[in-house]
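Order of appearance sets the numbers: ligands from 1, and atoms from 1 within every ligand. We're numbering straight along the sequence, starting at 1.
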Amino acid sequence: MTTQPHEPPTEPPTEPPTGQIAVDWSWTASEQEWIPPEIDISKPSAARMYDFALGGKDNFAIDRQAVHEVGRVIPDLQACAQANRGFLIRAVNAMAELGIEQFIDLGSGIPTSPNVHEVAQEVRPGAKVVYVDNDPIVMTYNRALRAPRPGVLALDHDLRQPHGILDDPRLRAHLDPDRPVGLLFVAVLHFVRREMAIKVVEQYRRLLPAGSYLAISAICSDGMEPASVELLEKVYDSSPTPLVVRSRSQVEQLFDGTELIEPGLVDATQWKNDENPLPIRILGGVGRIV
Ligand SMILES: C[S@@+](CC[C@H](N)C(=O)[O-])C[C@H]1O[C@@H](n2cnc3c(N)ncnc32)[C@H](O)[C@@H]1O
């Protein structure tokens, strides 16, 4: 996307704070000369900030400014975003290996290659995926880049309404509601209030067939500098989705009613992987609904 005509004169750097990008972005590099009215560029958006941290181009000056503010205190921000994405890829792969053929990606974010459908279909060529997000920019890209692919549906919903999503006739026509699902909450529950997140996850757990899996990654304050937690929360306070940082036990609570598969709830960098934890601690786990 070309954003130059809309930018203020004090444009922050267009490169993420640190690190190299190992992702092929050519398929998202379409030119956009206009911004739909529903896209608010007066506030940073979680989807666009994350896109910038991953090295994407679908973001605006306000988003880059917010990411650079974090990057001044927390180095390796880009590595943290990539570590989270790495967890997502390994979790989808693991669930597909365990027999899951249908996935719902809640808070899917701006398309990032490899997408969930690409990872799942690598293992199970007939796998079906429903992408859900409530940010208009994500829906714009979902419609253009994900939805035209076989087995893929993109829906505009707020994940805090499990019935609205699971009863959506488009989802029910796309997936088999009686068969297990891989439900992804990757880097999204830290945008949902603590009590609300527990209730929402529990509702999904009750509504999905036994044998379904929940994959969750969430920022965790244990092991993080208090100043870093404070800064992260401050930066996201100016966005429409304030950040909720949880303790380890609060993240564990989200998996109630499930059996964690190996290696349990661990740092995202170490989930079926062997890398050192990063400055923004992100815990990841996959639980089987029992
Ligand atoms: C940090 S991105 C994570 C993207 C992707 N899950 C990943 O981990 O690579 C968080 C996404 O969640 C979306 N989001 C936040 N709150 C949401 C809500 N209540 N309902 C649906 N999507 C939401 C944001 O719009 C954003 O696209």
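Among all protein heavy atoms, the one lying closest to atom 12 (O) of ligand 1 is V188 CG2, 3.3 Å. When only non-hydrogen protein atoms are considered, atom 11 (C) of ligand 1 lies nearest to G107 O, 3.6 Å. Summary of contacts: the protein heavy atom closest to atom 19 (N) of ligand 1 is D158 OD1, 2.9 Å.
Nearest approach of T112 to R146, heavy atoms of both residues: N-NH2, 3.9 Å.
Using a 4.0 Å cutoff on heavy atoms, H157 counts as a contact of ligand 1.
Close approach of ligand 1 to Y50 (heavy-atom distance below 4.0 Å) involves ligand atoms 1 (C), 2 (S), 3 (C), 4 (C), 7 (C), 8 (O), 9 (O). Close approach to D135 involves these atoms of ligand 1, each under 4.0 Å from a residue heavy atom: 25 (O). Under a 4.0 Å criterion applied to the non-hydrogen atoms of A47, ligand 1 contributes the atoms 25 (O), 26 (C), 27 (O).
Residues F60 and F52 keep their aromatic ring centres 6.0 Å or farther apart.
A donor-acceptor pair is defined here as one N or O able to donate and one able to accept, closer than 3.5 Å; such a pair exists between the side chain of D222 and the backbone of R248. Checking side-chain atoms of R124 against main-chain N and O of A96 turns up a donor-acceptor pair under 3.5 Å.
Under the 4.0 Å criterion applied to side-chain N and carboxylate O atoms, R281 and D267 are assigned as salt-bridge partners. Between E202 and R206 there is a salt bridge, since a side-chain N of the basic residue sits under 4.0 Å from a carboxylate O of the acidic one.
The side-chain heavy atoms of V70 and L232, taken from C-beta on, include a pair separated by under 4.5 Å. Residues Q270 and E275 form no side-chain contact, since every pair of their non-hydrogen atoms from C-beta on lies 4.5 Å or further apart.
Taking each of L88, N84, L184 in turn, the one with a heavy atom nearest to atom 8 (O) of ligand 1 proves to be N84. Here the shortest heavy-atom distance to atom 10 (C) of ligand 1, taken over A187, S217, A46, G109, belongs to A187. With atom 13 (C) of ligand 1 as the reference point, the heavy atom nearest to it among L243, D133, I282 is part of D133.
Residue L159 has at least one nitrogen or oxygen atom sitting less than 3.5 Å from a nitrogen or oxygen atom of ligand 1, judged on distance alone. By the 3.5 Å distance cut-off applied to N or O atoms, V138 is not counted among the residues near ligand 1. Taking only nitrogen or oxygen atoms, main chain and side chain alike, V132 does not reach within less than 3.5 Å of ligand 1. Taking any N or O of N134, backbone or side chain, at least one lies under 3.5 Å from an N or O belonging to ligand 1. Any N or O atom pair closer than 3.5 Å counts here, and T241 shares no such pair with ligand 1.
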| task | Walk me through it: do E101 and K128 pass the test salt bridge (charged side-chain N to carboxylate O under 4.0 Å, His left out)? | result | CA-CA 6 Å; E101 293 183 314; K128 296 195 171 159; over 6 Å; no
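Dense packing is recorded around CD of E38, with more than 12 heavy atoms of other residues, nucleotides or ligands lying under 6.0 Å away.
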